[in-house]
Amino acid sequence: MKHLISQLNRAQQQAATAQLGKILVLAGAGSGKTRVLVHRIAWLINEMCVRPSSIFVVTFTNRAANEMRSRLKEMLKQNLSDMWIGTFHGLSHKLLRLHWQACDLPQDFQIIDFEDQLKMLCCLFRKLGIDEEHYKPRQAQQFINGNKDEGIRAVQLALAKTAFESVMIKVYQHYEQMCNGSGLVDFAELLLGSYELLSQKLDLLEYYREKFAHFLVDEFQDTNIIQYKWLKLLSANARSVTIVGDDDQSIYGWRGARVENIYNFKSEFGKTQVIRLEQNYRSTETILSAANAVIRNNNGRLGKTLWTHTGYGEPIQIYGALNEEDEALFLVHQVMQHRENGVELEDIAVLYRSNAQSRVLEEALLRSGISYSIYGGVRFFERAEIKDILAYLRLSVNTSDDVAFERVINTPPRGVGEKSFQKIRDLSQTLGVSLWDAAHHLLEGRNLSCRACDGVRHFILIIEGLTEKTKGSSLVSLVRDGVQKSGLLAFFQEQKGEKGRSRVENLEELVNATKDFKIDLVDLEYASDILPVTAFLSYSTLHSGGRSLNCTTNGIQLMTIHAAKGLEFPLVFICGAEEGLFPHYLSKEDPLAIEEERRLCYVAITRAMRQLCITYAQERRIFGREEIRQVSRFVLEIPDTLIEEDHRKIRVSMNLPKRMSKSETYKLTDVGDNNKEGALLGRQISHKRFGTGIIVAQEGSGVQARIHVYFDEVGQKCLFMKYVHLETI
DNA sequence: ACCACCTGTTATTAT
DNA sequence: AACAGGTGGT
């Protein structure tokens with residue numbers, strides 16, 4: 001152990017070996033916080049004789065939890081299955097599974113994702129006859145989740161002051177009933193439910209307080225109100241609480257996260273030892289200075305400045321592309337060049353603000369033959385065909401699951417159309433029973449058309465067949481059965497083209513995935529009587545993040561900045577650094593939101609170890625229309641001295657993207673002949689206000705004629721020929 | 001009931 | 001540019 005500890009720096013050692021009690025570790029990006037946490041746990045076990053079963057570790061992502069567990073296993077070489085380690089949601093889920101009876105939940109309750117939740121709310125809006133012009137289901141979703149994140153139930157809400165509020169409260173109430181009736185639990189409910197469980201069943205609370213004496217929490221700046229209360233409740237008698245966080249990396253305010261939690265920790269938890277980790281081991285000085293320069297523009301920080309002695313390294317490269325296709329082309333170009341210089345593709349990451357940006361980049365990469373993998377986006381378990389088959393499985397364990405019923409009663413089409421389904425819905429409402437039961441009643445009542453009757457009957461048989469299999473057979477054979485008997489496989493096989501093929505492939509991939517699925521993946525090994533399907537279904541929604549199931553991590557990696565948090569790469573590209581995109585236009589009104597965007601930028605920059613390249617497009621297609629864009633303010637906050645100045649070489653040598661060259665009004669030819677269009681390209685010119693520059697593009701004709709000029713001093717500008725007086729040099 | 005086609009609408013970020 | 005929802009023909 002001494003040997004292990006000696007590998008840490010002073011501050012890290014201090015944190016890892018601190019005396020029991022409350023410890024707040026302010027850990028800057030790349031300062032080795034995971035390392036500290038792992039060593040701290042190892043220290044507790046080895047030096048303080050703490051039993052693993054009394055340790056409780058909370059992280060934010062499954063990835064972080066897995067990494068920590070495997071690092072610990074390697075370091076300690078002992079069985080750690082008694083230690084509770086997981087995400088807030090994962091651990092809450094575990095509590096609910098273990099104590100489902102005390103929570104008044106059905107044993108096979110299922111977790112619903114965002115999409116399911118929204119569908120339920122849409123359904124509810126129709127049922128309650130709410131005017132969808134004025135009130136949107138999306139707003140209700142926000143309202144409900146927002147309140148749940150703060151630990152507030154519908155009944156606890158203050159009386160409505162506005163019409164809007166009263167509608168929302170009504171929806172919230174009905175939504176709760178609907179979830180209870182169907183045995184469904186949403187993400188926020190996992191936390192709220194387990195919080196209420198602990199605060200209401202005092203014997204359980206006592207038990208867990210006794211059991212867990214040591215708490216460790218990662219990414220504390222991202223906790224929301226209910227997570228904070230949950231933690232506080234559980235750790236009231238703890239002998240040690242170690243929290244790690246960085247207020248500069250708080251990027252989940254929109255999900256209810258409160259940075260204040262980290263500011264108030266000292267006063268709330270009592271005597272606290274604060275340790276700062278400010279030495280960065282990840283990035284070059286250049287990258288770090290850029291990050292520091294950007295984040296300095298935020299107010300109310302706890303304040304810390306990262307330093308390193310790894311040398312300056314490469315300057316930060318900035319590329320202002322003509323449009324998003326040019327940006328993608330540039331990326332391809334750069335990646336190829338780096339590959340020639342011996343950089344592994346795995347060491348390259350491409351980060352962007354929103355998922356929609358990935359498409360153009362993907363297309364360019366695909367054309368160039370550079371392999372890549374994408375993290376996030378439309379994730380595997382969120383694909384329509386996968387959710388369809390999961391809906392069959394959900395019904396097979398719980399026929400009250402109305403969302404699942406609604407999803408697949410007529411997928412694939414089996415003659416139960418809108419009319420018939422409405423009958424089922426009506427009956428379910430008048431009798432106050434599930435859609436499934438209503439369908440049963442309706443069959444007896446002979447109120448359906450022949451075709452619909454056959455369809456419903458067939459559907460019921462499929463589900464009942466699957467239910468039989470949930471007990472005896474293996475998970476694989478159940479899923480394989482579901483894929484076939486549901487008719488989904490055949491349905492997709494008949495679909496022509498790329499779409500149908502990929503859907504069939506995905507179904508096959510799902511079957512394969514179930515082969516090596518183990519219950520302990522869900523961390524539920526204690527809930528021994530849980531059905532394998534239920535465990536699998538829970539896993540599928542809780543771990544929906546992450547790459548598609550086949551873990552091909554070769555090639556460059558594409559992901560949103562949010563998804564990149566906690567990761568590091570030798571070479572990082574940040575794409576779409578434009579006003580309106582990053583910072584996002586929905587954030588620009590609110591100064592606090594802008595600060596969060598800036599923190600996001602800080603996170604993005606600090607992912608890079610050796611080299612950073614930032615790109616933006618001067619024109620981008622938004623809603624199909626081309627819009628002129630401006631470079632992100634965050635880029636302007638980076639000092640010039642850190643930035644590579646000579647962009648011209650790249651710019652002029654680049655081919656123009658196909659969208660441009662196809663267009664009639666935008667022809668480009670060799671430089672040299674003044675009579676041809678595009679002849680001015682590459683010419684050096686001087687402008688009385690902007691100074692000297694180089695012409696990089698030319699478009700339009702007559703009065704519309706304009707040129708794009710890259711000026712040495714002020715960057716790229718678009719100028720109308722008829723207004724400017726230029727001099728060629 | 002289902003399919004093909006048309007039209008208006010529209011988007012952060014994600015456990 | 002993509003997508004949900006509506007329309008009209010089979």
Side-chain angles (χ1 to χ4, degrees), chain A residues 58-65 86-93 111-115 117-119 122 132-133 136 138 141-142 145 148-149 185-191 219 222-224 226-227 250-257 324 351-360 363 375-379 381-382 384 410-422 448-452 454-455 491 495 538-546 559-565 576 580-588 593 596-597 599-601 603-604 620-627 659:
Chain A
V58 198
T59 64
F60 249 79
T61 62
N62 293 301
R63 196 206 303 122
T87 63
F88 276 100
H89 292 89
L91 295 168
S92 300
H93 174 233
I111 306 164
I112 53 169
D113 66 5
F114 246 59
E115 190 196 347
Q117 188 182 41
L118 193 61
K119 281 194 169 161
C122 288
E132 290 193 36
E133 294 293 299
K136 297 253 160 62
R138 263 232 144 71
Q141 190 173 32
Q142 263 185 324
N145 291 332
K148 283 194 177 189
D149 281 343
V185 165
D186 61 44
F187 282 124
E189 183 67 31
L190 289 169
L191 280 150
E219 312 268 24
D222 285 331
T223 51
N224 63 27
I226 189 69
Q227 287 164 338
S250 156
I251 55 174
Y252 284 101
W254 51 274
R255 222 168 62 181
E324 74 275 14
L351 311 182
Y352 36 81
R353 175 68 233 269
S354 69
N355 284 310
Q357 287 171 254
S358 72
R359 172 174 301 165
V360 190
E363 277 170 10
Y375 194 99
V378 187
R379 286 157 300 193
F381 285 113
E382 285 168 12
N410 204 33
T411 4
R414 52 171 72 84
V416 189
E418 197 44 47
K419 271 258 169 68
S420 310
F421 184 58
Q422 191 56 46
L448 285 173
S449 71
C450 255
R451 259 174 99 180
D454 287 348
F491 180 62
Q495 275 183 3
S538 304
Y539 175 83
S540 72
T541 40
L542 279 177
H543 291 69
S544 78
M559 65 189 86
T560 63
I561 302 168
H562 282 90
K565 182 147 163 234
L581 194 56
F582 190 24
H584 199 271
Y585 68 98
L586 292 175
S587 302
K588 74 164 176 248
E596 181 152 314
E597 297 278 328
R599 290 192 293 270
L600 195 58
C601 185
V603 169
R620 185 182 291 270
R621 278 203 155 141
I622 305 280
F623 295 145
R625 265 276 153 260
E626 274 159 22
E627 276 180 29
R659 167 148 57 83

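Note that the coordinates shown come from a computational prediction; the quantities given were computed from them, not determined experimentally. Lettering of chains follows the sequences in order, A, B, ..., and the numbering in each one begins at 1.
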Next item on the list: Just jot down the salt bridge (charged side-chain N to carboxylate O under 4.0 Å, His left out) partners of A:Asp186, sequence neighbours excluded, or say none.
Entry: A:Lys148
Note to self: If I take atom OH in residue A:Tyr375 and atom P in nucleotide B:dA14, what distance separates them, rounded to the nearest angstrom?
What the structure shows: 10 Å
Next item on the list: Could you state the atom-to-atom distance from OH of A:Tyr539 to P of B:dT15 in whole Å?
Entry: 13 Å
Item checked: side-chain contact (heavy atoms from CB on, under 4.5 Å) involving A:Ala593 - partner list, sequence neighbours excluded -> A:Ser587, A:Asp590
Item checked: Contact boundaries on DNA chain C for chain A, cut-off under 4.0 Å to non-hydrogen atoms -> C:dA1 to C:dA2
Note to self: My understanding is that only residues two or more places apart in sequence, or in another chain, count here; which of them pass ring pair (Phe, Tyr, Trp, His ring centres under 6.0 Å) with A:Tyr252?
What the structure shows: A:Trp254, A:His562
Margin query: What is the separation between atom CG on A:Leu118 and atom P on B:dA14, rounded to the nearest whole Å?
Written below: 17 Å
Margin query: Tell me every residue that passes salt bridge (charged side-chain N to carboxylate O under 4.0 Å, His left out) with A:Glu597, counting only those two or more places apart in sequence or in another chain.
Written below: A:Arg353
Next item on the list: Please say whether more than 12 non-hydrogen atoms of neighbouring residues, nucleotides or ligands are located less than 6.0 Å from CD in A:Glu627.
Entry: yes
Notebook entry, point to check: With sequence neighbours left out, what residues match A:Leu586 under side-chain contact (heavy atoms from CB on, under 4.5 Å)?
Noted result: A:His584
Note to self: Output the rounded distance in Å from CZ (A:Phe114) to P (B:dT15).
What the structure shows: 11 Å
Checklist line | Between C:dA4 and B:dT13 - C1' atom distance, rounded Å | finding: 23 Å
Checklist line | Where A:Arg63 and A:Tyr375 come nearest, the two heavy atoms and their spacing | finding: NH2-OH, 3.4 Å
Next item on the list: Kindly write out the residues that satisfy salt bridge (charged side-chain N to carboxylate O under 4.0 Å, His left out) with A:Lys119, not counting sequence neighbours, or none if the list is empty.
Entry: A:Glu115
Check: With sequence neighbours left out, what residues match A:Val603 under side-chain contact (heavy atoms from CB on, under 4.5 Å)?
Finding: A:Gln249, A:Ile251, A:Ile561, A:Lys565, A:Arg607
Notebook entry, point to check: In the 5'-to-3' direction, what one-character label does each nucleotide of nucleotides 4-13 of chain B receive under the scheme B = base within less than 4.0 Å of a protein heavy atom, S = sugar-phosphate only, - = no such atom?
Noted result: ------BBBB
Notebook entry, point to check: Who pairs with A:Ser420 by side-chain contact (heavy atoms from CB on, under 4.5 Å), at least two apart in sequence or on another chain?
Noted result: A:Val416, A:Leu448, A:Ala452
Next item on the list: With P as the reference atom in both, quote the distance from C:dG6 to B:dA11 in angstrom, rounded to an integer.
Entry: 16 Å
Next item on the list: Can you sort out the partners of A:Phe582 under ring pair (Phe, Tyr, Trp, His ring centres under 6.0 Å), two or more places apart, ordered by chain and number?
Entry: A:Phe634
Next item on the list: Considering only atom C1', compute the distance from B:dT12 to C:dG5 and round it to an integer number of Å.
Entry: 24 Å
Check nucleotides 1-3 of chain B for protein N or O atoms closer than 3.5 Å to its own N or O atoms and list the pairs.
residue	atom	partner	partner atom	Å
B:dA1	OP1	A:Gly417	N	3.3
B:dA1	OP1	A:Ser420	OG	2.7
B:dC2	OP1	A:Gly415	N	2.8
B:dC2	OP2	A:Asn410	ND2	3.1

Check: Once you round it to whole Å, what is the distance between P of B:dA14 and CD of A:Gln117?
Finding: 17 Å
Check: Reckon A:Phe60 touches a base, only the sugar-phosphate, or nothing at all at heavy-atom distances under 4.0 Å?
Finding: sugar-phosphate
